[in-house]
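Atoms within a ligand are numbered from 1 in the order they appear, just like the ligands themselves. The residues of the chain are indexed from 1 along the displayed sequence.
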Amino acid sequence: MALERSKNGVLLKCNDSSFFEGISVEAADLDYIESSIKKYFSDTRHHAIHNRYKMAARDYVYKEFSSFGLVAEYFEFSLPPVSTKSNFTTVIGMLKGSHFGTAYDKMIAIGAHYDTVNTTKGVDDNGSGVVTMLEVARQITTMNRKGTKRKNTIMFAAFDLKEENCKGSELLLDSWLEPWLFKNYGQAAELLESHGVFILDSVMNYNVSIKSQTSLPNMKSLFPETFSSISKDNYKGDFLAMVYRNPTSDLVLANMFKAKWKEANREQFELETFPLPFEEYSELPEKQQLNYRYFMKSDHASFWDYEVPAIYLTDTYNYRGVMAACYHRPCDDASMILSDDNLKFLGKTADVLTMTINQLSDPYQGTTVASFQIDGKSPDSPDVIHELQESVLVRNLASVLRVGSEYYQAHKLYHGLLTEMF
Ligand SMILES: [Zn+2]
């Protein structure tokens with residue numbers, strides 16, 4: 001068990017034996033979060049109004065990703081219906097796991113949009129989401145620098161053009177992702193599964209006043225348990241809302257996030273769940289679609305379209321406190337939103353996401369032996385041999401040699417196993 005102090009002096013507990021599963025964090029660096037918001041996310045980020053400021057925010061995300069040790073990339077695109085003059089950019093940062101490039105890689109992603117509408121300063125919507133994502137990247141890569149390695153690849157993304165019908169995330173999936181996967185995973189791309197993605201959109205507006213939370217559309221009939229919990233709490237806007245599709249693998253991520261939220265203490269910051277009862281929004285009858293429309297209004301919906309599990313985290317923006325008057329207006333600014341309580345609320349979300357993503361990435365301590373384990377087992381264990389015999393990959397020697405070359409070349413036992421099998 002190692003005990004360390006994080007930069008801002010709060011105790012950070014890391015449990016070596018369970019690969020950091022027990023980070024009981026208050027690790028979020030609130031000074032970093034605050035200064036990032038003030039410098040880069042406290043004014044309009046719209047291509048037609050304040051493109052220079054928007055570009056500065058974009059470049060800041062890229063620079064931060066790079067300085068954390070992520071492989072940073074711009075995905076630039078044009079969208080003439082939105083503008084014939086400006087180009088748009090989604091910023092991507094990859095933390096490659098040891099399974100990168102193989103069919104074993106089970107990616108996890110976290111994303112937030114950095115653009116704004118042309119009438120707001122966009123501190124809550126969605127500077128708050130971007131800085132939370134950056135803080136998670138900082139925490140995760142700090143662990144890596146201290147010796148943690150990860151099997152699964154983690155993708156961080158700052159989307160453009162969410163405020164134009166989520167076009168940024170939609171185009172990332174339509175145009176960027178597949179070529180990128182085939183370039184880096186070859187044929188194995190077709191076998192890849194992913195854990196899913198966490199989307200942050202407006203996550204800082206915390207309010208403990210009675211009746212600061214108004215009811216979300218159809219909340220009483222669609223989510224009776226959540227409604228009763230919020231009404232018993234006198235309609236305080238003191239929670240993070242988590243939206244997911246109940247009958248899908250979203251539930252795995254949602255349950256893990258919920259458990260970590262409990263572990264992270266700080267009970268004054270609550271979590272309320274909004275489990276949607278469908279898998280495919282587009283297959284609902286039209287009237288039902290209208291009922292649930294509010295819950296489809298961010299970048300998570302683009303991932304659902306591609307059957308990628310996705311969780312949507314939000315403070316419910318215009319349904320709470322100052323954002324009721326400031327949503328998409330100039331007063332969504334630092335003077336209204338950047339309070340100590342709001343920063344701490346955001347900090348808990350960042351910590352819980354770090355804990356969740358850390359676990360999903362399948363972390364291990366970087367030793368030679370561990371790096372040649374397959375799903376936590378030694379390559380010559382009966383389980384792994386069985387798994388390999390069952391595997392689609394083993395039916396194709398060429399794939400095994402390519403996909404498994406990392407293990408193949410480096411481990412004589414594994415080499416022996418393959419020779420025996422063929
Ligand atoms: Zn917005």
Heteroatom of D125 nearest to the Zn ion (ligand 1) (N, O or S, atom name) |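 Restricting D125 to its N, O and S atoms, the minimum distance to the Zn ion (ligand 1) goes to OD2.
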For E163, what is the atom name of its N, O or S atom nearest to the Zn ion (ligand 1)?
->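 In E163, the N, O or S atom with the shortest distance to the Zn ion (ligand 1) is OE2.
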Donor-acceptor pair, Y53 side chain versus S42 backbone, under 3.5 Å?
->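 Pair found, side chain donor or acceptor close to backbone of S42.
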Using the ring of each side chain (for Trp, its six-membered ring), is H47 parallel, tilted or perpendicular to F88, with breaks at 30° and 60°?
->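 Rings of H47 and F88: perpendicular, as their planes differ by over 60°.
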Please work out whether the ring planes of F278 and Y292 are parallel, tilted or perpendicular, with thresholds of 30° and 60°.
->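 Rings of F278 and Y292: perpendicular, as their planes differ by over 60°.
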Do other residues, nucleotides or ligands put more than 12 heavy atoms under 6.0 Å from the NZ atom of K220?
->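 No, the 6.0 Å shell around NZ holds no more than 12 heavy atoms from other groups.
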N/O/S from H113 sitting under 2.8 Å away from the Zn ion (ligand 1) =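 No N, O or S atom of H113 is closer than 2.8 Å to the Zn ion (ligand 1), so no.
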